[in-house]
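Every value quoted in this text rests on a predicted model; they were computed, and no experiment measured them. Whatever order the structure lists them in is the order used to number ligands and atoms, beginning at 1.
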Amino acid sequence: MSGPRFIVLEGGDATGKSTQVERLAARLRERDLQVVTSFEPGATPLGRRVRELLLHGEDAVDPIAEALLMAADRAQHVAEVVRPTLASGAWLVSDRFVPSSLAYQGVGRGLGVAEVEQLNQLATAGIEPDLVIVLDLSPDAARTRIGTGRDRLEGEHDAFALAVHEGYRDLARARGWVLVDADRSPDEVADEIWSVVCDRCDL
Ligand code: TMP
């Protein structure tokens, strides 16, 4: 039996990550593995307030403040969920982690991948996922799924969504993250994610 793994599902808005996190966790549990699911931003009590400020607040958010607030949410998430879960021997499947900050703040906001990565090192204390899977969906297809009722980041201009999308693709190539085509049915996407996990996590 292989040891616990930290798997992160990533991608732009409306790529179906939260559905796939639950599908993947269910399949892992069928193998009798202990699995915790989580997400960013907002999985802790403090994080919920940070998420509210970031996504639904009325005040303008400077890009650096945005990166720092995402990192603050992450530090709390690591302290309350990520580290205790991995220490307990359970698997952790998270909807977003540091890669989101690299794509959205590093590339999308233009703060620089290296700079954003550096500030996140403090937040994570060096904890890194074993596997990052990026659900790849064009901004056009994502926009159709989002419809109306957008939060602050979903309501960003098209150039931002495009930059984030390209950012994920470039980062995936450079860092060995696995791109999965998300423009398919949830069942098809779940099957591909499962085969990637079986392959990469020795299941
Ligand atoms: P969610 O809709 O997947 O919960 O994510 C909330 C929004 O926050 C989404 O637009 C992506 C954005 N985000 C960042 O910009 N940087 C980050 O580090 C994280 C975790 C999320």
Could you find the nearest protein heavy atom to [atom] and give me its residue, atom name and distance?
atom                    : result
atom 14 (C) of ligand 1 : M70 CE, 3.2 Å
atom 16 (N) of ligand 1 : Q105 OE1, 2.8 Å
atom 18 (O) of ligand 1 : S101 OG, 2.5 Å
atom 20 (C) of ligand 1 : R74 NH2, 3.4 Å
atom 12 (C) of ligand 1 : L153 CD1, 3.5 Å
atom 2 (O) of ligand 1  : R51 NH2, 3.9 Å
atom 10 (O) of ligand 1 : D13 OD1, 2.8 Å
atom 5 (O) of ligand 1  : R96 NE, 3.2 Å

Transitive ILVMFWY side-chain link F97 to L122, under 4.5 Å: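 Different clusters: F97 never reaches L122 through Ile, Leu, Val, Met, Phe, Trp or Tyr contacts under 4.5 Å.
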Cluster overlap L92 with F39, hydrophobic side-chain contacts below 4.5 Å: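 Shared cluster, no.
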Proximity of V98 to ligand 1 by residue part, where a heavy atom lies under 4.0 Å: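 Neither part.
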Does a sphere of radius 6.0 Å around [atom1] in [X] hold more than 12 heavy atoms from other residues, nucleotides or ligands, not counting ones at 6.0 Å or beyond?
X    : atom1 : answer
R49  : CZ    : no
E188 : CD    : yes
E166 : CD    : yes

Residue pair D136, D181: steps toward the side chain to side chain contact (heavy atoms under 4.5 Å, CB included) verdict: CA-CA 5 Å; D136 187 57; D181 176 9; 5.5 Å; no
Donor-acceptor contact present, side-chain D183 to main-chain L137, <3.5 Å: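 Looks like no, no N/O pair under 3.5 Å.
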Lys/Arg-Asp/Glu bridge criterion (N-O < 4.0 Å) met for E156, R109: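 Salt bridge present between E156 and R109.
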contact_flag K17 ligand 1 heavy-atom lt 4.0 Å: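 The answer is yes: ligand 1 sits under 4.0 Å from a heavy atom of K17.
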Close-contact set for ligand 1 against E40 heavy atoms, below 4.0 Å: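 Ligand 1 atoms under the 4.0 Å threshold to E40: 20 (C).
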